[in-house]
*Asks:* 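Before I ask anything, here is the structure I am working with.
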Amino acid sequence: MDGETRQKTAADCAGELPGAGLEHPFGLEWEVYKVLGKVFMLMTQVTGEPFVILKSAPDEAAALRHEHVEITPGYHMNKKHWITVEGGNAIDETLVKELVTDSYRLVVRGLAKSQQPVDPHTYGRRA
């Protein structure tokens with residue numbers, strides 16, 4: 001999957017998440033997806049290549065970086081809690097959707113329970 005397809009897949013997935021919305025607070029070069037004002041995904045091509053930045057639990061982020069050369073520490077973000085998904089064909093549509101949904105759930109988990117649009121412990125999990 002090329003970078004533009006990866007970004008489209010991520011954007012389509014994010015657009016279906018309850019309470020999620022797209023903003024451009026840093027200009028049109030940056031697509032920022034938020035849930036109730038909290039960022040869970042950023043997309044840009046400022047380096048010349050399209051990439052996606054997602055929140056990730058520190059242990060999961062480390063495992064993903066170890067397993068996939070296409071996953072690196074978060075571009076201009078906290079390197080422990082964010083990952084960047086960039087070029088290469090090893091990242092497929094299923095993984096992109098899982099990473100976007102996981103990022104969303106992490107952010108929702110941090111919201112007050114009364115504000116959570118979904119139960120972050122069960123939403124999007126496979127049975």
Side-chain angles (χ1 to χ4, degrees):
M1 165 182 306
D2 66 36
E4 289 180 10
T5 303
R6 183 176 303 106
Q7 281 188 333
K8 180 171 180 356
T9 300
D12 290 347
C13 180
E16 295 174 2
L17 298 170
L22 170 62
E23 298 181 14
H24 294 93
F26 311 119
L28 295 178
E29 293 178 324
W30 286 87
E31 293 184 6
V32 179
Y33 288 83
K34 297 181 179 182
V35 56
L36 294 174
K38 304 291 183 179
V39 176
F40 69 91
M41 182 174 80
L42 302 100
M43 294 192 311
T44 189
Q45 293 188 34
V46 296
T47 63
E49 294 295 324
F51 59 90
V52 179
I53 305 165
L54 298 159
K55 191 164 183 87
S56 184
D59 56 339
E60 182 70 16
L64 287 164
R65 288 191 304 265
H66 180 73
E67 189 174 329
H68 303 280
V69 296
E70 300 86 0
I71 298 179
T72 59
Y75 179 81
H76 281 293
M77 303 297 277
N78 179 302
K79 307 303 185 212
K80 184 176 179 181
H81 296 277
W82 291 84
I83 57 172
T84 297
V85 183
E86 45 195 332
N89 291 323
I91 307 296
D92 64 10
E93 180 178 341
T94 301
L95 181 56
V96 170
K97 289 178 179 180
E98 287 175 9
L99 294 173
V100 170
T101 304
D102 288 348
S103 178
Y104 170 83
R105 274 197 309 261
L106 277 171
V107 172
V108 168
R109 189 175 298 138
L111 299 171
K113 193 163 184 85
S114 63
Q115 293 183 319
Q116 293 176 348
V118 297
D119 180 345
H121 302 288
T122 59
Y123 181 79
R125 300 252 187 228
R126 295 182 191 176

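Keep in mind that this is a model prediction, so the values were computed, not measured. Along the sequence shown, the residues carry numbers beginning at 1.
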*Asks:* Go through the structure and list residues passing side chain to side chain contact (heavy atoms under 4.5 Å, CB included) with Pro73, not counting sequence neighbours.
*Replies:* Arg65, Lys79

*Asks:* Does anything in residues 32-79 form a ring pair (Phe, Tyr, Trp, His ring centres under 6.0 Å)? List the pairs, not counting sequence neighbours.
*Replies:* Phe40-Tyr104, Phe51-Tyr75

*Asks:* Near Glu49 CD, under 6.0 Å, is it more than 12 heavy atoms from other residues, nucleotides or ligands?
*Replies:* no

*Asks:* Glu16: which residues meet the side chain to side chain contact (heavy atoms under 4.5 Å, CB included) condition with it, sequence neighbours left out?
*Replies:* none

*Asks:* Can you find a heavy atom in the side chain of Val85 that is under 4.5 Å from one in the side chain of Arg6?
*Replies:* yes

*Asks:* Do the side chain of Ser103 and the main chain of Leu54 share a donor and acceptor less than 3.5 angstrom apart?
*Replies:* no

*Asks:* State which residues pass side chain to side chain contact (heavy atoms under 4.5 Å, CB included) with Glu60; sequence neighbours excluded, sorted by chain then number.
*Replies:* Ser56, Ala57, Leu64

*Asks:* Roughly how far, to the nearest 0.5 Å, is the OG1 atom of Thr84 from the CD1 atom of Ile53?
*Replies:* 4.5 Å

*Asks:* Per the side chain to side chain contact (heavy atoms under 4.5 Å, CB included) rule, which among Asp102, Val108, Val107 passes with Arg105?
*Replies:* Asp102

*Asks:* Can you name the closest pair of heavy atoms from Leu111 and Pro117 and give their distance?
*Replies:* CD1-CD, 4.3 Å

*Asks:* Give a yes or no on whether a salt bridge exists between Glu4 and Lys8, defined as a side-chain N under 4.0 angstrom from a carboxylate O.
*Replies:* no

*Asks:* Using the rule that Ile, Leu, Val, Met, Phe, Trp and Tyr join whenever any side-chain heavy atoms are under 4.5 Å apart, tell me whether Val100 and Val32 fall into a single cluster.
*Replies:* no

*Asks:* Mind checking side chain to side chain contact (heavy atoms under 4.5 Å, CB included) for Asn78 and listing every partner two or more places apart, or none if nothing turns up?
*Replies:* Lys80, His81, Trp82

*Asks:* Between atom CG of Asp12 and atom CD of Gln7, what is the distance when rounded to the nearest 0.5 Å?
*Replies:* 11.5 Å

*Asks:* Please check: side-chain N/O of Thr5 versus main-chain N/O of Met1, any donor-acceptor pairing under 3.5 Å?
*Replies:* no

*Asks:* Does anything in residues 20-38 pair up under salt bridge (charged side-chain N to carboxylate O under 4.0 Å, His left out), and if so which pairs, sequence neighbours excluded?
*Replies:* Glu23-Lys34

*Asks:* Is it possible for you to say whether Met43 and Leu22 belong to one hydrophobic cluster, with membership spreading through side-chain heavy-atom contacts below 4.5 Å?
*Replies:* yes

*Asks:* Any donor-acceptor pair under 3.5 Å linking the side chain of Thr101 with the backbone of Lys97?
*Replies:* yes

*Asks:* Taking the side chain as every heavy atom from C-beta outward, state whether Met77 and Leu42 have any atom pair closer than 4.5 Å.
*Replies:* yes

*Asks:* Return the minimal non-hydrogen interatomic distance between Arg109 and His121, and the atom names on each side.
*Replies:* NE-CE1, 3.6 Å

*Asks:* How many angstroms lie between atom CG of Leu95 and atom CD1 of Ile71, to the nearest 0.5 angstrom?
*Replies:* 5.5 Å

*Asks:* Any chain of hydrophobic side-chain contacts (each under 4.5 Å) joining Val118 to Val35?
*Replies:* yes

*Asks:* I would like to know whether Val96 and Ile91 meet side chain to side chain contact (heavy atoms under 4.5 Å, CB included); could you show each step before the answer?
*Replies:* CA-CA 7 Å; Val96 170; Ile91 307 296; 3.6 Å; yes

